[in-house]
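Below you'll find the structure, written out as structure tokens, and then a few comments.
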There are 2 protein chains.
Amino acid sequence: MDKRQQLVACAFELFYCHGIHAVGINQVLQEAGVAKKTLYHHFSSKDALIEAVVAYRHQEFKNWLISRIQASGEGLLAVQGVFAALDDWFHERDPMMRPFHGCFFIHASGEYANPEHPVHQRCADHKQSIKQLFADILDQVGATPEQVRQGADTLALLKEGAIVQAHVCGELDAGRQAGQLAMTYLKQLGVQSE
Amino acid sequence: MDKRQQLVACAFELFYCHGIHAVGINQVLQEAGVAKKTLYHHFSSKDALIEAVVAYRHQEFKNWLISRIQASGEGLLAVQGVFAALDDWFHERDPMMRPFHGCFFIHASGEYANPEHPVHQRCADHKQSIKQLFADILDQVGATPEQVRQGADTLALLKEGAIVQAHVCGELDAGRQAGQLAMTYLKQLGVQSE
DNA sequence: CCCAAAGGAGACAGATCGGTCTACCTTGCT
DNA sequence: AGCAAGGTAGACCGATCTGTCTCCTTTGGG
């Protein structure tokens with residue numbers, strides 16, 4: 001078994017549930033069943049572990065969303081697929097993404113509020129990367145560059161809003177709500193659905 | 001000068017910039033220029049201070065938004081006023097709300113991800129309270145109860161999305177974007193302007 | 001005038017933090 | 001067989017954390 005991967009996955013679980021600063025190294029070690037020396041063999045410091053955790057979650061989340069998009073059909077069905085995926089995430093219906101405690105990157109950006117901090121920047125990179133997925137979808141259905149730009153911005157905004165509403169207020173149906181808003185918006189923007 | 005208020009205001013600044021768990025009591029004391037005994041005279045523990053900080057920011061933010069709403073005119077102009085206020089907040093143009101580092105309650109909910117934690121619940125209460133302001137606006141322009149419910153939910157979602165986009169990704173124009181989405185949505189919902 | 005309340009400065013305790021270290025064990029390659 | 005790499009268990013270090021404590025000063029009402 002890969003101890004490094006084990007450490008990262010376990011650290012993510014704890015950071016995600018309790019926050020990054022609230023979780024100590026020893027807690028991670030105990031939960032992962034790994035010796036301290038092993039951790040410091042793979043990572044130079046706690047900060048290095050944190051960066052690895054952010055990168056790990058980025059890949060995990062992005063891959064999950066891509067697979068959900070690909071499973072949802074052609075054209076604007078992909079957009080509906082995105083928000084259906086959010087809906088499953090919030091309701092913890094997708095075993096790949098359990099449990100739901102909000103967006104790890106929003107939380108991390110809160111703990112590293114300075115935009116110049118490396119962790120904050122990685123979080124921004126993640127959001128940008130997800131927004132690019134939205135742009136790709138819109139591009140693929142023949143939207144103009146301007147429609148792609150505005151549409152991706154809007155879908156991203158709706159997604160973030162839904163995540164916050166679901167986590168902070170417990171409004172688990174925010175995913176469906178955002179999905180309806182998204183479809184209405186795209187129709188009004190003039191993007192052709194198939 | 002009221003030492004208690006001074007402590008709370010100063011703790012908020014630090015918590016808002018660096019996160020709650022990352023800021024120690026001694027840091028708050030030094031910044032506020034207050035002795036440790038004074039802090040523990042007013043608060044039984046750090047947790048009690050945190051709760052006071054959350055309550056303080058709730059009042060501050062709510063009062064600010066109400067004043068901005070009242071200054072923006074009648075009817076749906078109030079909705080435009082809300083998103084203009086967000087726009088000013090993000091761009092740090094309103095001296096009352098400087099600096100901008102995202103939403104304190106979203107950050108706090110991230111550090112206390114368990115929805116049953118008192119801090120998390122206070123954050124949910126805050127969001128609910130702000131949503132009620134939206135509902136009041138819609139009610140005042142003669143929207144039906146169903147329109148009020150859906151409309152307030154949607155405005156809240158757009159607001160949260162804009163805050164996250166502005167803070168995490170640095171998209172400071174997300175407030176204006178969300179405002180345009182809001183006006184389009186309300187028109188499409190059938191809420192009469194004026 | 002007097003005394004209690006509020007505050008200042010800071011030592012102190014006990015716990016926990018991140019990080020280093022020693023000593024020993026397993027594994028796989030040559 | 002032998003040896004290096006990666007791992008375990010946990011003592012240990014200095015720093016920092018929350019919270020308590022003592023001693024002293026200021027202040028304001030009766």
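Here is the naming used below: chain letters follow the sequence lines, and residue numbers restart at 1 for every chain. Just so we're clear, the structure is a prediction, and the values are computed from it rather than from any experiment.
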Is it true that a side-chain atom of B:Thr184 and a backbone atom of B:Gln180 form a donor plus acceptor pair closer than 3.5 Å?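 Looks like yes, one N/O pair under 3.5 Å.
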If I take atom CZ in residue A:Arg4 and atom P in nucleotide D:dA5, what distance separates them, rounded to the nearest angstrom?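 Going from A:Arg4 (CZ) to D:dA5 (P), I get 19 Å.
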Quick one: B:Leu39 CG to D:dG19 P, roughly how many Å, whole number?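 Going from B:Leu39 (CG) to D:dG19 (P), I get 9 Å.
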What pairs meet the salt bridge (charged side-chain N to carboxylate O under 4.0 Å, His left out) rule with one or both residues in residues 38-60 of chain B, with sequence neighbours excluded?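 Only B:Glu51-B:Arg122, B:Arg57-B:Glu60 qualify under salt bridge (charged side-chain N to carboxylate O under 4.0 Å, His left out).
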Considering only residues two or more places apart or on different chains, which pairs with a residue in residues 81-96 of chain A satisfy salt bridge (charged side-chain N to carboxylate O under 4.0 Å, His left out)?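 Sorted pair list: A:Arg68-A:Asp88, A:Arg68-A:Asp94, A:Asp87-A:Arg93, A:Asp87-A:Arg176, A:Asp88-A:Arg93.
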Please work out which of the three classes, parallel, tilted or perpendicular, describes the rings of A:Phe105 and A:His126, given edges at 30° and 60°.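 Ring orientation, 0 to 90° scale: parallel.
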Close residues, residues 40-48 of chain B, relative to DNA chain C [heavy-atom separation under 4.0 Å]: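 Those residues whose heavy atoms fall under 4.0 Å from DNA chain C, taken from residues 40-48 of chain B in numerical order, are B:His41, B:His42.
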Return the residues of residues 20-28 of chain A meeting this criterion: a heavy atom under 4.0 Å from some atom of DNA chain C. Order them by number, or give none.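 Correct list: A:Val23, A:Gly24, A:Ile25, A:Asn26.
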Give a yes or no on whether the ring-centroid distance for B:His18 and A:His21 is below 6.0 angstrom.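 Here the rings of A:His21 and B:His18 have centres that are no less than 6.0 Å from each other.
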Output one line per pair: protein atom, nucleotide atom from nucleotides 8-11 of chain D, and distance, for all N/O pairs under 3.5 Å.
residue	atom	partner	partner atom	Å
D:dT8	OP1	A:Lys3	NZ	3.2
D:dT8	OP2	A:Ala35	N	3.1
D:dT8	OP2	A:Thr38	OG1	2.7

Just checking, any donor-acceptor pair under 3.5 angstrom between side chains of A:Gln140 and A:Asp136?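 No - no donor-acceptor pair under 3.5 Å links their side chains.
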Short side-chain donor-acceptor distance under 3.5 Å, B:Gln177 and A:Thr154: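 Looking only at side-chain atoms, B:Gln177 and A:Thr154 do form a donor-acceptor pair, the distance falling under 3.5 Å.
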Partner set under salt bridge (charged side-chain N to carboxylate O under 4.0 Å, His left out) for B:Lys131, not counting sequence neighbours: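 Here the qualifying residues are A:Glu171, B:Asp153.
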Can you tell me which residue among B:Tyr56, B:Phe12, B:Phe61 is in a ring pair (Phe, Tyr, Trp, His ring centres under 6.0 Å) with B:Phe104?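 The residue from B:Tyr56, B:Phe12, B:Phe61 that satisfies ring pair (Phe, Tyr, Trp, His ring centres under 6.0 Å) with B:Phe104 turns out to be B:Phe12.
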Can you find a heavy atom in the side chain of B:His167 that is under 4.5 Å from one in the side chain of B:His107?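 Yes, side chains in contact.
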